[in-house]
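What follows is a short report on a single structure.
Sequence positions, counted from 1, serve as the residue numbers for this chain.
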Amino acid sequence: MFALLDKLLKPYIEKVDKLASQLKAEQEARGKAMAEVEELRNRVSDMERRMRIFEAQLDELSKPLRNKGGQDRREGGTEEKAAGPYWLELNRGSVFTGLLKTRTPKCAFEARGNGKRLNYVLCSLDRIRAYDDILAAVRIDRSACTLSEAAGFETREEGEIDWSEEDRLWHIVKPTLISLK
């Protein structure tokens, strides 16, 4: 009688064993996935912490540029400078962080004027080729070639930047307009 019962129950026992084995494998896979998710969360958290540290360091390094901002500070106010030229490195979105009195290899723009509004033009096509955020500072007129193909450029209109005492940055009022050759 037990032999007959064993024979009848055998397919069910095998099915239960197979389902239990599948469930165990799925639980192990879920456990591994959860451990991987936790590891990724820890990595993201570490990266966010590092980014905050780098941002603080960048902020600390850029303070002298923001504080100078192209204006000579004296007691009683701002001294207007001569007409330039000044040099600007690549912009950060819609602002430049400061003016340089001497041109460096990183400079992409030349600025002229005095006071709190300056005109600027592009002076280095090579510096802007790989720069993603350049369209805030430079507009490209219809041209016969692309930026990567261009051998030169012609300035159509000068750009304008304004000094902001509030955030101590040069804000782009009007981008410079160029055509590529």
Hey, what do you get for CD1 (I161) to OG (S94), rounding to the nearest 0.5 Å?
12.0 Å
List for me each residue that meets side-chain hydrogen bond (donor to acceptor under 3.5 Å, both in side chains) alongside Q57, sequence neighbours excluded, and say none if there are none.
none
Correct closest heavy-atom pair for I178 and T155 would be CG2-CA, 4.3 Å
Looking at D46 and R50, is any side-chain nitrogen of the basic one under 4.0 Å from a carboxylate oxygen of the acidic one?
yes
Salt-bridge criterion met for E158 and K174 (N-O under 4.0 Å)
no
P175 vs E160 side-chain heavy atoms within contact, under 4.5 Å
no
How far apart are the closest heavy atoms of L99 and A111, and which atoms are they?
CD2-CB, 4.3 Å
Can you tell if the side chain of D162 reaches within under 4.5 Å of the side chain of K116, non-hydrogen atoms only?
no
Determine, stepwise, if the pair L118 / W163 fulfils side-chain contact (heavy atoms from CB on, under 4.5 Å).
CA-CA 8 Å; L118 302 176; W163 174 248; over 6 Å; no
Which is it for S124 and E110 under the side-chain contact (heavy atoms from CB on, under 4.5 Å) test, yes or no, and what are the steps along the way?
CA-CA 9 Å; S124 174; E110 178 183 344; over 6 Å; no
Side chain to side chain donor-acceptor pair (under 3.5 Å) partner of S179, chosen from R156, E154, R142:
R156
Applying the side chain to side chain contact (heavy atoms under 4.5 Å, CB included) test to L180, which of D141, L125, T146 qualifies?
L125
Would you check if I53 and M51 make a side-chain contact, meaning some heavy-atom pair closer than 4.5 Å?
no
Determine yes or no for a side-chain-to-main-chain donor-acceptor pair under 3.5 angstrom, with T176 supplying the side chain and E157 the backbone.
yes
Hey, does R139 have a side-chain heavy atom less than 4.5 Å from the side chain of L177?
yes
State which residues pass salt bridge (Lys or Arg N to Asp or Glu O under 4.0 Å) with K106; sequence neighbours excluded, sorted by chain then number.
none
Hey, could you give me the CD/CG distance between E149 and L147, rounded to the nearest 0.5 Å?
9.5 Å
Taking ring-ring contact (aromatic ring centres under 6.0 Å, His included) as the criterion, tell me which of W170, Y120, W87 meets it with F96.
Y120
With heavy-atom distances below 4.5 Å as the criterion, would you say the side chains of K101 and P85 are in contact?
no
Which donor-acceptor pairs under 3.5 Å do side chains of residues 15-42 form with protein atoms, sequence neighbours excluded?
| residue | atom | partner | partner atom | Å |
| --- | --- | --- | --- | --- |
| E39 | OE2 | R43 | NH2 | 3.3 |
| N42 | ND2 | E38 | O | 3.4 |

Which pair of heavy atoms, one from C107 and one from C123, lies closest together, and at what distance?
O-SG, 4.3 Å
Heavy-atom nearest pair, P105 first then R127, reads O-CD, 3.3 Å
Side-chain touch L100/Y86, heavy atoms, less than 4.5 angstrom:
no
